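Before any comments, here is the structure.
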Amino acid sequence: MAYAGGVTAAGCSRVTPGQLAAAAELAAEFLGQSGADALLADFAAHPELAIALTIDGTLAGVAFGHPDGEDGATLEGITVDDAHTAHGFGSLLLARFEQAAADAGYRNVNLGSGGGYVEHFYLKNGYQQAEYMVIIPDGDRQHLDLDGLDVLRERHWEPNDLVLNIAAPQGHSPAVKSELEQRLHASEVCCIFCKPITR
Ligand SMILES: CC(C)(COP(=O)(O)OP(=O)(O)OC[C@H]1O[C@@H](n2cnc3c(N)ncnc32)[C@H](O)[C@@H]1OP(=O)(O)O)[C@@H](O)C(=O)NCCC(=O)NCCS
């Protein structure tokens with residue numbers, strides 16, 4: 001593969017133990033320390049779902065995940081070194097993760113997306129929005145206007161966050177996302193995407 005950045009060879013394969021430290025460094029840089037910790041935990045439990053992107057012999061991206069508790073796999077994290085983003089390598093890595101998940105017998109891939117262009121990244125790769133995850137600091141369900149919303153799950157995060165998963169029957173909608181944010185006084189509304197996969 002070649003592009004203006006001068007790449008001559010790019011490919012994806014399972015993360016090897018020898019690549020793990022570099023992969024964790026990449027995850028820490030672009031996904032934060034919690035991303036690196038998640039990679040190490042997921043690699044230990046599900047190495048078949050940890051995929052490395054190599055460009056010209058150097059580790060340039062990583063995608064990793066774990067079972068979602070039903071029949072799907074959760075993509076916990078994906079990142080491409082910012083020297084190589086916006087040239088299709090993330091899509092290549094995502095497709096390889098989906099293939100690994102399908103090979104392992106999972107029937108769909110789901111994930112919580114970052115905002116902005118990251119939502120576009122998943123949409124262009126065939127994902128559909130299934131839910132919103134709404135984080136409400138000091139939230140109290142009794143005092144929220146939840147009329148007409150289908151609340152699927154409710155959790156509490158330390159110290160005082162109420163987290164509601166709300167169905168997205170209309171699919172991806174930036175307008176609904178921002179309306180939810182205002183109406184529920186949320187600190188963050190994250191889009192939960194899903195894609196069926198086959199072997
Ligand atoms: C998300 C990410 C993995 C995508 O990798 P990538 O190699 O850029 O992916 P692609 O090139 O296949 O697609 C990216 C799309 O977003 C667009 N885009 C817009 N702004 C962008 C930006 N600042 N950086 C990257 N892509 C951007 C690209 O143009 C492209 O869309 P297009 O094909 O319609 O032009 C990568 O950008 C990344 O590592 N981001 C930081 C970590 C992150 O947010 N991970 C996702 C957590 S849910």
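Counting convention: from 1, in listed order, for ligands and their atoms alike. Predicted model, so just to flag it, every value in this text is computed and none were measured.
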Indicate the ring-plane relationship of H172 and F193, choosing parallel, tilted or perpendicular according to the 30° and 60° boundaries.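 Tilted.
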For [atom], which candidate among [options] provides the closest heavy atom?
{"atom": "atom 11 (O) of ligand 1", "options": "G116, C190, G88", "value": "G88"}
{"atom": "atom 8 (O) of ligand 1", "options": "A86, A27, G90", "value": "A86"}
{"atom": "atom 1 (C) of ligand 1", "options": "F121, F89, F193", "value": "F121"}
{"atom": "atom 38 (C) of ligand 1", "options": "F30, Y117, Y122", "value": "Y117"}

Can we say E48 and R14 salt-bridge, meaning some charged N sits less than 4.0 Å from an Asp/Glu carboxylate O? no
Distance filter under 4.0 Å to [X] heavy atoms, resulting ligand 1 atoms:
{"X": "G114", "value": "48 (S)"}
{"X": "T85", "value": "7 (O), 8 (O), 25 (C), 36 (C), 37 (O)"}
{"X": "V80", "value": "5 (O), 7 (O), 38 (C), 39 (O)"}
{"X": "G112", "value": "48 (S)"}

Nearest non-hydrogen protein atom, atom 32 (P) of ligand 1: H120 NE2, 3.6 Å
Looking at side-chain heavy atoms only, is the closest gap between N110 and K195 below 4.5 Å?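 No, side chains not in contact.
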With heavy-atom distances below 4.5 Å as the criterion, would you say the side chains of L162 and W157 are in contact? no
Measure the distances from the heavy atoms of A63 to every atom of ligand 1 and state whether one is below 4.0 angstrom.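 It does not, in that no heavy atom of A63 comes within the 4.0 Å cut-off of ligand 1.
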Test item: protein heavy atom less than 4.0 Å from atom 35 (O) of ligand 1: no
What do you reckon, is CD of Q128 surrounded by more than 12 foreign heavy atoms closer than 6.0 Å?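 Incorrect, the count does not exceed 12.
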With salt bridge (charged side-chain N to carboxylate O under 4.0 Å, His left out) as the criterion, how do R153 and E131 come out once you've worked through the C-alpha distance, each side chain's angles and the decisive distance to 0.1 Å? CA-CA 10 Å; R153 293 183 299 286; E131 303 175 10; 2.7 Å; yes
Are T74 and D68 linked by a side-chain donor-acceptor pair shorter than 3.5 Å? no
